[in-house]
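Contents: one structure, followed by commentary.
Every chain is numbered from 1, with letters handed out A, B, ... down the list of sequences. Atoms considered below: every heavy atom in the structure, side chains included; atoms not considered: hydrogens, waters and symmetry mates.
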Number of protein chains: 2
Amino acid sequence: MSKFEDLVAIGLTHLLEEDPHLELVANGIPPSGIEAAIGDHRPAVAVLNFGSLTSPAQVFQLHQSFPETRLVVLANRPTAAECNQMLSFGATACLSKETQGRDVVNAVHLASRGMHVLPRSAAGGGSLDGSQLEGSDLLTPREADVLELLQEGATNAQIAQALSIGLETVRTHARNIYRKLGVSSRRDLARLAGAAALAEARD
Amino acid sequence: MSKFEDLVAIGLTHLLEEDPHLELVANGIPPSGIEAAIGDHRPAVAVLNFGSLTSPAQVFQLHQSFPETRLVVLANRPTAAECNQMLSFGATACLSKETQGRDVVNAVHLASRGMHVLPRSAAGGGSLDGSQLEGSDLLTPREADVLELLQEGATNAQIAQALSIGLETVRTHARNIYRKLGVSSRRDLARLAGAAALAEARD
DNA sequence: GAGATGGGGGAGGCAAACCCCAGCCGTTCT
DNA sequence: AGAACGGCTGGGGTTTGCCTCCCCCATCTC
């Protein structure tokens with residue numbers, strides 16, 4: 001949290017307050033209090049500072065907990081891959097912090113009605129057949145199996161026995177799960193509402 | 001173009017005129033006059049009615065001719081695949097006609113600064129490795145070869161001989177090229193700036 | 001009618017990507 | 001010491017996309 005980021009937050013707050021169609025219910029929430037704040041106010045839109053998140057997967061967690069709240073993520077200079085990860089995690093918009101304040105306000109309006117906003121850098125898809133568009137392939141079926149047991153607190157050895165696979169295989173799946181969800185331990189994982197991820201990976 | 005679409009155009013025109021930060025340089029352009037109108041005014045943003053385009057590839061053609069003009073496409077109820085096709089063709093935003101007028105104005109502002117806006121229906125990517133983000137895969141290398149010869153006016157038989165493949169194969173490639181570019185004959189193709197498509201398909 | 005073109009379907013071979021599984025080497029934490 | 005985490009490699013399987021070619025049909029032109 002540099003002074004520079006503070007200034008950005010202050011300026012943005014000012015702009016949001018000025019808009020007669022927007023109501024600012026809370027701001028300056030620390031990372032640990034975001035979930036509670038959204039739970040209290042149930043806003044139509046939440047603007048998140050990417051750098052202040054505990055992990056990229058916090059976006060996923062928030063989207064699972066409050067699907068009716070549109071999430072706008074402010075990142076420093078997001079790459080196309082990062083933007084798509086944010087959308088995969090349930091964000092509605094992903095903006096660069098270089099974005100002008102008025103544009104952030106505009107994006108909040110569009111996001112409140114479900115429209116996606118991406119920075120210039122994000123190419124936004126590509127192939128014509130749309131094969132990669134039907135839902136998020138975040139986790140493979142087998143990874144979903146492992147995730148489910150991981151969240152129940154099982155050890156790798158227990159998971160291996162439950163799924164009739166080798167311990168090393170469980171470790172491989174776990175590694176890929178951590179990488180895909182942007183976390184690095186079981187504890188981070190425990191805080192995610194993984195059940196919804198399973199539903200997505202299986203339908 | 002039904003009366004209903006006329007009403008949409010009139011309402012949108014009114015909203016664009018009202019915005020003090022926007023200057024409306026032309027409107028109600030027929031499909032055949034779009035290119036000339038953009039050439040005359042060189043606007044920062046052009047709002048296109050998808051249903052009024054001669055073909056989806058007209059977006060591509062306009063983007064090649066005037067890369068500095070951001071293209072906002074209004075489609076009836078665009079699918080995710082259609083939106084991504086529009087982005088592949090160089091559009092900056094793709095909106096549903098169900099979008100509220102104010103949101104269209106907001107999207108125009110964002111598009112003027114290069115940001116992408118997509119309707120709710122567009123999932124916007126998916127896989128995490130970003131493999132599908134590196135440029136447009138509009139045409140396969142072989143299709144690009146065939147397109148090049150097609151634009152030189154070669155017959156299918158001549159193309160087959162030049163590429164040392166069968167006549168039926170050429171016809172297959174040509175069909176896929178037409179489908180991907182949204183045209184339906186060699187004559188439509190001749191009007192496209194296909195050289196740029198080749199560059200995209202090859203780099 | 002013959003030839004060229006556009007549009008639909010399908011088939012086989014090939015290469016790339018992905019997934020599942022498993023092991024190796026380390027480090028870190030408790 | 002045991003468990004977990006992370007990087008790297010590999011085999012074997014399926015899936016996908018691309019290339020090639022074939023069949024059918026209709027239209028248009030000469």
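The separation between Glu143(B) atom CD and dT20(D) atom P is 11 Å, rounded to whole Å. A straight line from CD1 of Ile159(B) to C1' of dT5(C) spans 12 Å, rounded to a whole angstrom. Atom CD1 in Ile165(A) sits about 11 Å away from atom P in dG23(C), given to the nearest Å. For the pair Gln161(B) CD and dA4(C) P, the interatomic distance rounds to 13 Å; values are reported in whole Å. Note: CZ (Arg142(A)) to P (dT15(D)) measures 16 Å, nearest angstrom. A straight line from CG of Asn176(A) to P of dA22(C) spans 14 Å, rounded to a whole angstrom. dC19(C) atom C1' lies 13 Å from atom CG of Asp145(A), rounded to whole Å. The distance between atom CZ of Arg187(B) and atom P of dA4(C), rounded to the nearest whole Å, is 18 Å.
The shortest distance between the side-chain N/O atoms of Tyr178(A) and the OP1/OP2 oxygens of dG6(D) is not below 4.0 Å. OP1 or OP2 of dC19(D) sits under 4.0 Å from a side-chain N or O of Thr140(B). When the side-chain nitrogen and oxygen atoms of Thr172(B) are compared with OP1 and OP2 of dT20(D), none of them lie within a distance under 4.0 Å. For dA4(C), the OP1/OP2 oxygens have no side-chain nitrogen or oxygen of Asn156(B) closer than 4.0 Å.
Mapping Arg171(A) and His173(B) onto DNA chain D by nearest heavy atom places Arg171(A) at the nucleotide closer to the 5' end. Two residues, Leu167(B) and Arg175(B), neighbour DNA chain C, and the one matched to the more 5' nucleotide by heavy-atom proximity is Leu167(B).
Side-chain atoms of Asn156(A) and Arg186(A) include a donor-acceptor pair closer than 3.5 Å.
A donor-acceptor pair under 3.5 Å is formed between the side chain of His116(B) and the backbone N or O of Thr92(B). At distances below 3.5 Å, not a single donor-acceptor pair connects side-chain atoms of Arg113(A) with backbone N or O atoms of Leu110(A). Ser96(A) contributes a side-chain N or O that, together with a main-chain N or O of Asn76(A), makes up a donor-acceptor pair within less than 3.5 Å.
For Glu168(A) against dC24(C), a side-chain N or O and a base N or O form a donor-acceptor pair under 3.5 Å.
Rounding to the nearest 0.5 Å gives a distance of 6.0 Å between CG of Leu48(A) and CG of Leu62(A).
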